[in-house]
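Numbers restart at 1 for each chain; the letters A, B, ... are given by sequence-line order, proteins then strands.
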Protein chains: 2
Amino acid sequence: MTTPFEAMAGLDRLIHEPARLAILTALSAAQSVDFLFLQRLTGLTKGNLSTHLSKLEEAELVKIDKHFEGKKPITTIYLTTKGKTAINNHWQQLEQLRDNVREWEQQQKASE
Amino acid sequence: MTTPFEAMAGLDRLIHEPARLAILTALSAAQSVDFLFLQRLTGLTKGNLSTHLSKLEEAELVKIDKHFEGKKPITTIYLTTKGKTAINNHWQQLEQLRDNVREWEQQQKASE
DNA sequence: TAAAACCAGTTTGCATTACAAACCAGTTGT
DNA sequence: ACAACTGGTTTGTAATGCAAACTGGTTTTA
């Protein structure tokens, strides 16, 4: 049997990291986002946002579409299906873990 | 006004990091823990656990008491008051943020 | 019509990390 | 006596996360 704490320690850092958690959650809440809007939402610097997005793209959690709107280059970011389930599962997992901790706590008290 | 995503990106990494989240949560759930018990609970390697604990001690979130039990050296770890509120607040904050996201999401839909 | 300022990002450099392997001081088994 | 075990700590390394500097183009200003 594995404790909830062990599961906690094993949380996926790619998703759990605050900046990326913010990005993925924002993407799951908003329908479509371009780079600058996402920057405003998360408060990240451009450089920071850019590297996090690359990492997420590499993991196939987001899709990045670069195109022009008139003469302006625009980067639009989407969650992939994989990304959508990943971020939803992560939040669910956090909730679940917290419940499991409470349960574990009761069992400890009971078996004493 | 600051978005929930911005708050999310600003989460305290000292506490949020999976291994330390596990350690602090375990400490808040169990009454007293010695090093080896904590290692079993979290599944971390000794080295890893040791350095994380040092970091948490430095931040005054935990107190580390080294003493002998017969001839065995035993390290017992406690949450400080600061640590106790920190971990509780963190979990609460996560829950709160999730709620705030849902709220934000509704507002976006409404204002479209 | 230069050049200064701005836009939409990317790359670079650096300081911090998280991690496991190696290590250490002592104790127990054989 | 010496090998194996306990209870950890220190060390080395590869991977972050971050902002500052840069890039390639466009618009404004002088």
Minimum heavy-atom separation for [X] to [Y], with atom names?
X	Y	answer
A:V62	A:T80	C-CG2, 3.7 Å
B:F5	A:A29	CZ-CB, 4.0 Å
A:D34	A:F37	OD1-N, 2.9 Å

Give the rounded distance in Å between these two atoms: [atom1] of [X] and [atom2] of [N].
X	N	atom1	atom2	result
B:I77	D:dG7	CD1	P	13 Å
A:L14	D:dG17	CG	C1'	13 Å
A:I74	C:dC7	CD1	C1'	10 Å

Enumerate the protein-to-nucleotides 26-28 of chain C contacts in which both atoms are nitrogen or oxygen and the separation is below 3.5 Å.
none

Report task. Have a look at A:T51 and say if it touches a base, only the backbone sugar-phosphate, or nothing, with a 4.0 Å heavy-atom cut-off. Result -> base
**Report entry** Sugar-phosphate, base or nothing in reach of B:L49, heavy atoms under 4.0 Å
**Finding:** nothing
What pairs of nitrogen or oxygen atoms, one from the protein and one from nucleotides 16-18 of chain C, lie under 3.5 Å apart?
| residue | atom | partner | partner atom | Å |
| --- | --- | --- | --- | --- |
| C:dA18 | OP1 | B:R20 | NH2 | 3.4 |
| C:dA18 | OP2 | B:R20 | NH1 | 2.1 |
| C:dA18 | OP2 | B:R20 | NH2 | 2.9 |
| C:dA18 | O3' | A:R13 | NH1 | 3.3 |

Query raised in the report: Hey, is the main chain of A:L44 close enough, under 3.5 Å, to the side chain of A:Q39 for a donor-acceptor pair?
Result: yes
Query raised in the report: Quick one: does A:T3's side chain have a donor or acceptor within less than 3.5 Å of a partner on B:L41's backbone?
Result: yes
Report task. Would you please confirm or rule out a distance under 4.0 Å between OP1 or OP2 of D:dT9 and any side-chain N or O of B:K66? Result -> yes
Report task. Taking side-chain hydrogen bond (donor to acceptor under 3.5 Å, both in side chains) as the test, write out the residues that go with A:E105, two or more places apart. Result -> none
Query raised in the report: Quick one: on DNA chain D, does B:S50 or A:G47 contact a more 5' nucleotide (nearest heavy atom)?
Result: B:S50
Report task. May I ask you to list the residues of residues 32-46 of chain A, by number, that have any heavy atom positioned under 4.0 Å from an atom of DNA chain C? Result -> A:F35, A:L36, A:K46
Query raised in the report: Among pairs that include at least one residue of residues 7-29 of chain A, which meet side-chain hydrogen bond (donor to acceptor under 3.5 Å, both in side chains), considering only residues two or more places apart or in two chains?
Result: A:H16-A:H90, A:H16-B:H16, A:R20-A:H52, A:T25-A:W91
Report summary line: In short, side-chain hydrogen bond (donor to acceptor under 3.5 Å, both in side chains) pairs touching residues 59-74 of chain B with sequence neighbours left out are B:H67-B:T76
Requested in this report: Check whether any side-chain heavy atom of B:L21 sits under 4.5 Å from a side-chain heavy atom of B:I87, and report yes or no.
Outcome: yes
Query raised in the report: Taking side chain as C-beta onward, heavy atoms only, is A:L11 less than 4.5 Å from A:L94?
Result: yes
Report task. State plainly whether one hydrophobic cluster holds both A:V101 and B:Y78, where clusters connect Ile, Leu, Val, Met, Phe, Trp and Tyr through side-chain heavy atoms under 4.5 angstrom apart. Result -> no
